[in-house]
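Report on the following structure.
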Amino acid sequence: MSTERYNAREAEPRWQKIWDERGIYRTRNDDPRPKYYVLEMFPYPSGRIHIGHGRNYVMGDVVARFKRMKGFNVLHPMGWDAFGLPAENAAIERRTHPGKWTYENIATMREQLKLLGLSLDWSREIATCDPSYYGEQQRIFLEFLKGGFAYRRESEVNWDPVDNTVLANEQVIDGRGWRSGALVERRKLAQWFFRISDASEELLAGLDTLERWPDKVRLMQRNWIGRSEGLHVRFVLDHTPAEGLPEALPAEIKVYTTRPDTLFGASFLALSPSHPLTEQLAATNPALATFVEECRRGGTSTAEIETQEKMGYDTGLKVRHPLDGPDLPVYVANFVLMEYGTGAIFGCPAHDQRDFDFATKYDLPITPVVLPPDVDPASFSVADGPYEGEGTLFNSRLLDGLTVPAAKEKVALALENQILGNAPVGERAVNYRLRDWGISRQRYWGCPIPIIHCDTCGPVPVPEDQLPVRLPDDVSFDQPGNPLDRHPSWKHVNCPQCGAGARRETDTMDTFVDSSWYFARFASEPGSDPLQKQAADQWLPVDQYIGGVEHAILHLLYSRFFIRTLNKLGRVSLKEPFAGLFTQGMIVHETYKDTEGRWLFPEEVERDGEGRPVKVGTGEPVTIGLPEKMSKSKKNVVPPEIVADTYGVDCARWFMLADTPPERDSEWTSAGIEGAWRFVQRIWRLVGDAVVLAPDEIDRPVDFGAESLALRRSAHKLAAQVAEDVERLRFNVAVARVHAFANVFNDALAAARKGDVTPDLAFALREAATFLVGVVAPMVPHLAEECWQVLGRAGLIAEAAWPAVDPDLLAEDSVTLPIQINGKRRGEIVVARDASPAEVEKAVLALDLIAQALDGRAPKRIIVVPQRIVNVVA
RNA sequence: GCGGGCGUGGCGAAACUGGUAGACGCAACGGACUUAAAAUCCGUUUCUCUCUGAGAGUGCCGGUUCGAACCCGGCCGCCCGCACCA
């Protein structure tokens with residue numbers, strides 16, 4: 001028996017060095033084997049990683065290693081989402097350069113990731129802040145522009161008047177700038193947009209092709225795109241000249257509705273405060289202008305929007321009802337969004353909560369037009385609130401008696417056929433919630449938008465031969481605002497078209513642009529063109545993409561749009577970048593606070609004699625809080641280095657895969673990591689014991705005894721089942737199977753120690769050990785290499801094949817069937833695997849326990865489910 | 001408010017998608033080995049009872065079925081996404 005413990009601290013760096021020296025994780029594009037691309041969402045280099053960051057990389061690594069063993073040419077790269085605001089904040093706080101800070105973090109985190117023993121092809125590493133990467137992105141931007149997928153328009157931003165800077169939504173807290181505390185204003189700025197809304201329909205339809213995505217994510221994207229079918233309706237303005245109205249008002253107002261059936265319940269029209277007509281009226285109406293101003297000032301936080309009261313301003317205008325109803329007043333209302341539909345609505349208070357609130361406040365008529373099923377029209381009232389359900393139309397002339405869908409159809413037809421001017425009054429329309437993607441950021445640390453603004457030529461693309469537009473290094477962060485804007489020379493250039501003095505665009509791109517194609521960059525070999533069509537077509541789509549649910553919408557939707565657009569521009573052949581998606585759960589950890597409410601690191605807490613948590617050294621009592629996502633601020637983090645030093649990273653990897661289903665949050669506990677450690681040692685011992693009992697590799701004997709055969713069956717079943725579990729990413733189940741097999745193997749070894757080790761048993765023991773090591777190799781790769789060596793196998797297990805399963809060993813000759821009487825389990829019977837139902841039935845009826853239960857009577861019915869169960873109905 | 005998901009021992013969870021509920025692990029308890037400890041190994045561990053056996057049991061109530069954790073209806077509780085989208 002082996003007595004040495006497995007020394008992970010010594011073995012792990014040794015194997016990592018060997019892997020590294022032999023370059024076995026370097027992927028070649030000319031490898032003829034079938035491809036498999038596994039990718040974890042690349043990290044933002046924020047400083048240091050903690051063990052909580054490791055889970056998705058470990059999961060991806062298990063898949064990568066498994067697929068390699070299964071004979072695939074695996075691409076498993078890593079890079080850095082390296083642009084972004086935190087680098088600028090760090091620059092301000094630490095008086096350092098964002099690039100320096102970023103690259104230092106990358107260096108640290110790269111070493112930490114390497115510590116985890118991940119089988120990554122580091123030769124393809126990229127950082128999005130590298131000019132070779134963002135230069136290509138600038139080229140893509142210009143192609144988008146040329147192809148009509150990018151454009152510029154005015155759009156509102158959050159403006160901090162003290163810091164003189166634009167704020168991201170998350171930097172606005174309770175309507176104030178997070179740093180300055182100043183009240184945030186909304187300002188209009190000319191900004192660049194990608195026309196993602198034009199792709200709404202294809203992005204929606206494409207979701208149906210993504211069969212290996214979680215339903216939840218597809219649903220979230222579906223809701224985000226927010227397709228709705230409705231009707232555009234033109235309401236003619238009644239031009240009875242009212243006092244003080246400006247000349248040249250438009251003849252009509254167009255609204256969008258999904259409830260045209262409620263047209264006869266309409267009691268007002270409402271315009272958005274940003275509607276062109278509102279602006280026209282406000283120009284000569286100071287009271288309205290003030291009202292619009294008030295609406296604009298409304299808070300930006302969700303809490304404020306939620307509780308905001310409905311407010312309206314009666315313009316004094318009236319419109320005519322298109323179908324012989326009463327004239328309707330036109331309001332401007334704070335709850336009508338300009339960005340959706342036409343920026344104007346008709347209000348039907350009886351059947352819409354918002355309209356109901358509004359009508360109640362301004363004392364407008366509330367006419368019910370939809371009667372719920374089985375309700376008497378005389379007693380039906382909407383005084384307590386609107387009715388938004390299905391029903392039958394009434395109070396609605398031509399629609400009376402129709403169901404809601406039938407009424408929608410009839411109104412649509414009627415309005416389509418009613419021609420006014422040269423166009424129908426009503427037109428069916430599809431609307432999407434999805435808006436265009438604003439990519440301009442008034443920041444330094446991002447990809448510069450390659451545009452030059454000329455007073456005569458307007459915005460002009462930077463010529464191809466002048467790309468990339470590099471960020472200047474000599475910038476200062478001692479004043480608020482965008483350093484590119486105040487740089488002494490950077491932005492002053494000549495117009496590429498007319499040669500006159502011009503200015504560079506000083507906005508940089510949203511970092512979601514950077515992450516929308518990095519997976520395509522990994523496809524081409526290091527040093528080659530960043531976006532090579534052939535390479536992208538070879539490797540994409542990503543076969544298995546792994547990351548957090550927090551990216552379920554934006555990153556994944558933007559990437560889908562980006563790839564589709566690259567496809568239209570002829571840059572890639574595929575339409576969907578990620579064939580398989582998995583969203584993993586977080587690692588959570590208890591939180592600790594001392595008596596003064598200060599957060600404590602886990603290593604600052606221990607148990608006293610009575611098991612109470614106390615502070616190390618002082619013995620001061622400690623309060624334990626609920627497990628939460630690991631975060632620096634709450635100090636509930638575990639650094640990978642500590643785990644590596646005490647238990648080894650294989651233990652950490654095993655722990656992260658075990659027990660909890662991968663999509664759920666998993667709690668990091670010391671008991672858990674100790675359990676993983678015990679099991680790692682157990683595998684080591686089992687393999688060592690097997691080698692002692694069966695020291696030599698021998699040819700497979702022809703015949704096997706019962707014990708040997710049983711062990712072989714278990715081993716082959718293990719390899720088959722774990723393969724399936726890993727394919728389905730059910731790592732916790734795979735781990736449980738390995739545990740169960742270890743128990744079986746342990747018993748077999750104990751029995752073998754007592755008796756003779758016959759050649760067939762020796763073969764079976766060695767085979768079992770080899771299978772065990774092969775099966776755990778993707779999960780605990782260092783331990784597996786060490787065991788591989790103990791087994792005397794040549795080469796590295798990292799390059800070995802998955803254990804070869806003999807299908808004959810998977811099928812048992814006989815099966816044990818449970819026997820139920822009236823649905824309750826009463827016994828069991830062993831029958832041949834291929835026994836016919838009639839044979840089983842006969843054997844069951846012959847049993848004593850059945851005879852007793854039947855007590856002489858004939859059974860009413862016997863259900864035999866082959867290889868499953870027998871149920872006797874007495 | 002709208003949309004979606006989930007409720008199984010002291011805990012994390014399995015259950016081949018309608019067929020032996022609780023595999024496997026953690027924790028706990030008992031035992032072996034040891035001068036002792038660590039490590040390891042062997043047991044016990046859903047609940048109840050009249051305990052060599054029997055009954056109940058997958059949030060609660062009901063239904064479908066020979067058979068339900070799984071399907072259907074209605075409650076209760078928790079979690080997530082969206083949020084004035086007309």
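Naming: A, B, ... by sequence-line order, numbering from 1 per chain.
Between B:C42 and A:N746, a contact under 4.0 Å exists linking OP1 or OP2 to a side-chain N or O. For A:R222, no side-chain nitrogen or oxygen approaches OP1 or OP2 of B:C82 to under 4.0 Å. In this structure, A:R678 reaches the B:C26 phosphate: one of its side-chain N or O atoms is under 4.0 Å from OP1 or OP2. Within the structure, a side-chain polar atom (N or O) of A:N743 is placed less than 4.0 Å from OP1 or OP2 of B:G25. In this model, the phosphate group of B:C24 is not approached by any side-chain N or O of A:N732 to a distance below 4.0 Å at OP1 or OP2. A close approach under 4.0 Å does occur between a side-chain nitrogen or oxygen of A:R826 and OP1 or OP2 of B:G55.
With hydrogens and angles left out, the side chain of A:R685 and the base of B:C41 share no donor-acceptor pair within 3.5 Å. A:K310 contributes a side-chain N or O that forms a donor-acceptor pair with the base of B:C84 under 3.5 Å.
Between the CD atom of A:Q721 and the C1' atom of B:A23 there is a distance of 11 Å, rounded to whole Å. Atom pair A:Y256:OH and B:C84:P shows a separation of 17 Å (rounding to whole Å applied). A:D659 has its CG atom 10 Å from the P atom of B:A14, to the nearest Å. As rounded to whole Å, 11 Å separates atom P of B:A86 from atom CD of A:E388. Separating the CZ atom of A:R664 from the P atom of B:C80 is a distance of 15 Å, rounded to the nearest angstrom. One atom, CD1 of A:I673, and another, P of B:A27, lie 13 Å apart when rounded to the nearest Å. Atom C1' of nucleotide B:C84 and atom CG of A:D352 are separated by 9 Å, given to the nearest angstrom. In this entry the distance linking CE of A:M656 with P of B:G25 reads 21 Å, nearest Å.
The side chain of A:R433 has B:C82 as its nearest neighbour among B:A13, B:A86, B:C82. Nearest nucleotide to the side chain of A:K216, out of B:C80, B:A27, B:G4: B:C80. Picking from B:G4, B:A14, B:G25 the nucleotide with the shortest atom distance to the side chain of A:H739 gives B:G25. Closest to the side chain of A:I869, from the set B:G19, B:G12, B:A21, is B:G19. The side chain of A:R868 sits closest to B:G19 out of B:A27, B:G19, B:A39. Of the candidate nucleotides B:G3, B:A21, B:A14, B:A21 has the atom nearest to the side chain of A:R825. Comparing B:A14, B:U20, B:A86 against the side chain of A:Y340 picks out B:A86 as the nearest.
The existence of a salt bridge linking A:D215 and A:R222 is excluded, since no basic side-chain nitrogen approaches an acidic carboxylate oxygen closer than 4.0 Å. One finds a salt bridge joining A:R227 and A:E229 here, because a Lys/Arg side-chain nitrogen approaches an Asp/Glu carboxylate oxygen to under 4.0 Å.
Across B:A15 and B:A69, the matching C1' atoms stand 9 Å from one another, rounded to whole Å. B:C33 and B:G25 have their C1' atoms separated by 25 Å, with the value rounded to a whole Å. B:U45 and B:A28 have their C1' atoms separated by 8 Å, with the value rounded to a whole Å. Taking atom C1' on both B:A56 and B:C24, the two are 26 Å apart, rounded to the nearest angstrom. Rounded to whole Å, the P atom of B:U46 lies 8 Å from the corresponding atom of B:A23. Distance noted for atom C1' between B:C60 and B:C78: 15 Å (whole Å). With both ends at atom C1', the span from B:A68 to B:C61 equals 16 Å, rounded to whole Å. Nucleotides B:C70 and B:G63, compared at atom P, are 14 Å apart to the nearest Å.
Taking 4.5 Å as the limit, some side-chain heavy atom of A:V776 sits within range of a side-chain heavy atom of A:W654. Using a 4.5 Å heavy-atom cutoff, the side chains of A:H589 and A:V638 are in contact.
In this structure, B:G19 and B:C66 make a Watson-Crick or G-U wobble pair, each of the two defining distances being under 3.5 angstrom. B:C78 and B:G5 make up a base pair, with Watson-Crick or G-U wobble contacts both under 3.5 Å. Base pairing of B:A37: no nucleotide in any strand meets the Watson-Crick or G-U wobble criterion (both distances under 3.5 Å). Remark: B:G25 base-pairs with B:C11; criterion is Watson-Crick or G-U wobble with both hydrogen-bond distances under 3.5 Å. Pair check for B:C51 finds none; no Watson-Crick or G-U wobble contact set falls under 3.5 Å.
Counting only distance, with no hydrogens or angles, the side chain of A:H232 and the backbone of A:Y256 share no donor-acceptor pair below 3.5 Å. In this structure, A:N334 contributes its side chain and A:M311 its backbone to a donor-acceptor pair below 3.5 Å.
One distance of note links CE of A:M59 with CD of A:E663; it measures 8.5 Å at 0.5 Å rounding.
In this structure B:C51 sits in the syn conformation; its chi angle is within 90° of 0. An anti orientation is assigned to B:U65, its glycosidic angle lying beyond 90° of 0. Applying the 90° criterion around 0 to the glycosidic angle, B:G55 comes out anti.
RNA chain B is contacted by A:W224, A:S228 of residues 224-233 of chain A, taking any non-hydrogen atom closer than 4.0 Å.
Figure legend: cation-pi geometry between A:K310 and A:F358 absent, as NZ or CZ is not positioned both under 6.0 Å from the six-membered ring centre and within 45° of its axis.
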**Request:** Verify side-chain contact (heavy atoms from CB on, under 4.5 Å) between A:F679 and A:V738, making sure each step is shown before the conclusion.
**Result:** CA-CA 10 Å; A:F679 193 69; A:V738 174; 3.8 Å; yes
**Message:** Could you go through A:E727 and A:R730, starting from their C-alpha distance and side-chain angles, then the distance that decides it, and tell me whether this counts as salt bridge (charged side-chain N to carboxylate O under 4.0 Å, His left out)?
**Reply:** CA-CA 8 Å; A:E727 296 272 8; A:R730 293 161 45 92; over 6 Å; no
Anything under 3.5 Å between a protein N or O and an N or O of nucleotides 66-68 of chain B, put it in a table, one pair a line.
{"from": "B:C66", "atom 1": "OP1", "to": "A:R861", "atom 2": "NH1", "distance (Å)": "3.1"}
{"from": "B:C66", "atom 1": "O2'", "to": "A:N871", "atom 2": "ND2", "distance (Å)": "3.2"}
{"from": "B:C66", "atom 1": "O2", "to": "A:N871", "atom 2": "ND2", "distance (Å)": "2.5"}

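Of the N and O atoms on the side chains of A:T278 and A:Y331, not one donor lies less than 3.5 Å from an acceptor on the other residue. Defined by atom type and a distance below 3.5 Å, a donor-acceptor pair is present between the side-chain atoms of A:S197 and A:D436. Neither side chain, A:N732 nor A:R664, offers a donor N or O lying under 3.5 Å from an acceptor on the other.
As judged by a 4.0 angstrom heavy-atom cut-off over every strand, A:V336 is placed among the base-contacting residues. The residue A:A658 sits apart from the nucleic acid: no heavy atom pair falls under 4.0 Å.
Annotation: of the two residues near RNA chain B, A:R682 and A:F335, the 5′-most nearest-nucleotide partner is A:R682. Nearer to the 5' terminus of RNA chain B, by closest-nucleotide assignment, is the contact made by A:N223 (compared with the other of A:G672 and A:N223).
Qualifying side-chain contact (heavy atoms from CB on, under 4.5 Å) partners for A:P807, counting only residues two or more places apart in sequence or in other chains: none.
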